[in-house]
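Numbering of ligands and ligand atoms starts at 1, following listing order.
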Amino acid sequence: MHIMVTNDDGIHAAGILALAEALRDLGEVTVVAPDRERSAVGHSLTLHSPLRAFKLRPGFYAVDGTPTDCVNMGIHSLLPFRPDLVVSGINHGANLGDDITYSGTVAAAMEATLMGIPAMAVSLATFERSEHFPAAAQVALRVARQVLANGLPADTFLNVNVPNRPAAEINPPLITRQGKRSFVGKIVDKTDPRGRKYYWIGSDEPDFNDYEGTDFFAINRGHVSVTPLHLDLTNYESMKIIAGWEL
Ligand code: MN
């Protein structure tokens, strides 16, 4: 088996190292990841400047681009084989609910899915310093093994979130749906040393509706959350309603 690993926290992040290490149990692992943190770049693709890849050591490539760039570079250029699986993570911070639309981690898995390659995103649900990346990597390994054994439905990838706990305290995986934030965020505005205003996109404490069956509900109770996502954003129910308009 050939597995490509990427992330949005950058190639030197603790999460990607733990992930690559654990996935070696399944086969050959090649890491192609941004050369620096690119969190919250979403599904952006670099089209107006060249990209460069730097081989840091065997099987480790740093790219001066986004996670989506890395998937493209890896699959179309750097990897000697088309991978059997692309795993993105382990992100430092949960990717739950609406937040996945900003996520570079999730977007990398999306990009692989668009290329017809089975993919999953893995995130550790804390923004604090954590020593639980190896535990989360073992969760990722188990899920990856199942993806390789069973395949995934068409146009579908997995968004896996792992609670920030020692392995023995992690509750079993729940298959969840994408949750919903309960606030809209905020902007901090202040004045710089030269008297000009500046704005910084901030946030209150992340807060989600704690609805049963959601990714947030699972993480909040110490379970691994596994959400199958697909790339068809069509709202089929709404098609009937819009079809009734006089367009
Ligand atoms: Mn990140």
### Query
Cluster question for you: counting only ILVMFWY and a side-chain heavy-atom cut-off of under 4.5 Å, with indirect links fine, are L56 and V31 together?
yes

### Query
Does M115 sit in a hydrophobic cluster with other residues, and if so which ones, taking ILVMFWY side chains as linked at heavy-atom separations under 4.5 Å, directly or through other members?
M4, V32, L51, Y61, V63, V71, M73, I75, L78, L79, V86, I117

### Query
Is the shortest heavy-atom distance from the side chain of N161 to the side chain of N95 under 4.5 Å?
yes

### Task
Just grab all the ring-ring contact (aromatic ring centres under 6.0 Å, His included) pairs involving residues 77-106, residues at least two apart or on different chains.
H2-F81, H92-F133

### Task
Sorted by first residue and then second, give each salt bridge (Lys or Arg N to Asp or Glu O under 4.0 Å) pair with at least one member in residues 220-241; sequence neighbours left out.
D210-R221, E237-K240

### Message
Below 2.8 Å, which protein N, O or S atoms neighbour the Mn ion (ligand 1), ignoring water?
### Response
D8 OD1, D9 OD1, S39 OG, N91 OD1

### Query
Between D98 and R181, does at least one N-O distance fall below 4.0 Å, as a salt bridge requires?
no

